[in-house]
Amino acid sequence: MMTQIILDTNVLVAAFKSSRGASYRLLSLIDSGKFQLNVSTSLVAEYEEILRREAPYINATDVVDYLCAIANGHKIFFLWRPILRDPDDDFILELAVKCNAIIVTWNVKDFRKASGFGISVMTPKEFLQQTGELP
């Protein structure tokens with residue numbers, strides 16, 4: 001079974017700010033067939049909003065359209081809020097539970113309670129190391 005992932009918005013922003021880091025490497029592999037990206041309406045809206053603000057030099061609509069085209073889209077029907085340290089991240093946890101996905105984020109500490117739902121949380125570097133894409 002293919003590994004399911006969810007990219008936190010901070011990973012996308014980091015990828016567009018530097019082409020030398022783990023976030024960029026992960027984004028470059030997003031359609032490689034080595035893992036499957038998952039999104040929800042709330043996450044897509046956040047991607048577009050944050051990319052427009054934090055990376056105005058890219059076409060956020062094109063990036064988000066591409067991610068939606070290659071990702072599994074999910075409707076979320078359950079809301080357990082607040083659970084996480086940052087309540088704005090709860091919808092990411094809900095999506096991860098729905099599709100049994102790894103949350104890839106630079107804010108691992110904000111997702112500590114995800115383990116109570118059986119959800120793994122790791123940085124882009126940790127995820128790439130786990131998949132053998134980084135030594």
message = Using a 3.5 Å distance criterion without hydrogens, assess whether the side chain of S115 forms a donor-acceptor pair with backbone atoms of R112.
response = yes
message = Suppose we screen for side-chain contact (heavy atoms from CB on, under 4.5 Å). Which residues come up paired with T3, at least two apart in sequence or across chains?
response = I5, F35, I102, F127
task = Report the distance from atom NZ of K98 to atom CG of L93, rounding to the nearest 0.5 Å.
result = 14.0 Å
task = Indicate yes or no: at least one non-hydrogen side-chain atom of L51 is less than 4.5 angstrom from one of F16.
result = yes
request  = Take W106 and S23, measure what side chain to side chain contact (heavy atoms under 4.5 Å, CB included) needs, and give me the verdict at the end.
outcome  = CA-CA 9 Å; W106 287 111; S23 294; 2.7 Å; yes
request  = Report yes if some heavy atom in the side chain of Q4 is under 4.5 Å from a heavy atom in the side chain of N72; otherwise report no.
outcome  = yes
key: Audit row: F111, I119, side chain to side chain contact (heavy atoms under 4.5 Å, CB included) steps and yes/no   = CA-CA 9 Å; F111 289 93; I119 299 300; over 6 Å; no
query = Using 4.0 Å as the upper bound for N to carboxylate O, is an ion pair formed by R52 and E48?
reply = yes
message = Using 0.5 Å steps for rounding, measure from the CD atom of E46 to the OG1 atom of T9.
response = 3.5 Å
key: Heavy atoms from other residues, nucleotides or ligands near OH of Y24 exceed 12 (cutoff 6.0 Å)   = no
inquiry  = Apply side chain to side chain contact (heavy atoms under 4.5 Å, CB included) to residues M122 and Q129 and explain how you reach the verdict.
reply    = CA-CA 10 Å; M122 53 188 74; Q129 287 171 331; over 6 Å; no
inquiry  = For a quick check under 3.5 Å, do T105 and D110 share a side-chain donor-acceptor pair by atom type?
reply    = no
ask   = Which heavy-atom pair separates I6 from C99 by the least distance, and what is that distance?
value = CD1-SG, 4.2 Å
ask   = Quick check: does any side chain N or O of T123 sit under 3.5 Å from a backbone N or O of E126, one acting as donor and the other as acceptor?
value = yes
query = So, D8 side chain and V11 main chain: donor-acceptor pair closer than 3.5 Å or not?
reply = no
query = In Å, rounded to the nearest 0.5 Å, how long is the span from OG of S40 to CD1 of I76?
reply = 5.5 Å
inquiry  = Counting neighbours of CZ on R53 that are heavy atoms of other residues, nucleotides or ligands and sit closer than 6.0 Å, is the number greater than 12?
reply    = yes
ask   = Does the side chain of V44 reach to within under 4.5 Å of the side chain of C68, using non-hydrogen atoms?
value = yes
note = The reported gap from CD1 in I70 to OG in S32 (rounded to nearest 0.5 angstrom) is 9.0 Å
ask   = If you look only at pairs with a residue in residues 51-74, which of them pass as a ring pair (Phe, Tyr, Trp, His ring centres under 6.0 Å), with sequence neighbours excluded?
value = none
ask   = Can you find a pair of side-chain heavy atoms, one from L67 and one from L12, that are under 4.5 Å apart?
value = yes
query = Do R20 and R25 have side-chain heavy atoms sitting under 4.5 Å apart?
reply = no
ask   = Do you know the tightest heavy-atom contact between E133 and K34?
value = OE2-NZ, 2.8 Å
task = Report yes or no: does N38 contribute a side-chain atom to a donor-acceptor pair with the main-chain N or O of Q36 at less than 3.5 Å?
result = yes
request  = Any chance you could measure L37, atom CG, to L29, atom CG, to the nearest 0.5 Å?
outcome  = 12.5 Å
query = Are the side chain of Y47 and the backbone of L7 linked by a donor-acceptor contact shorter than 3.5 Å?
reply = yes
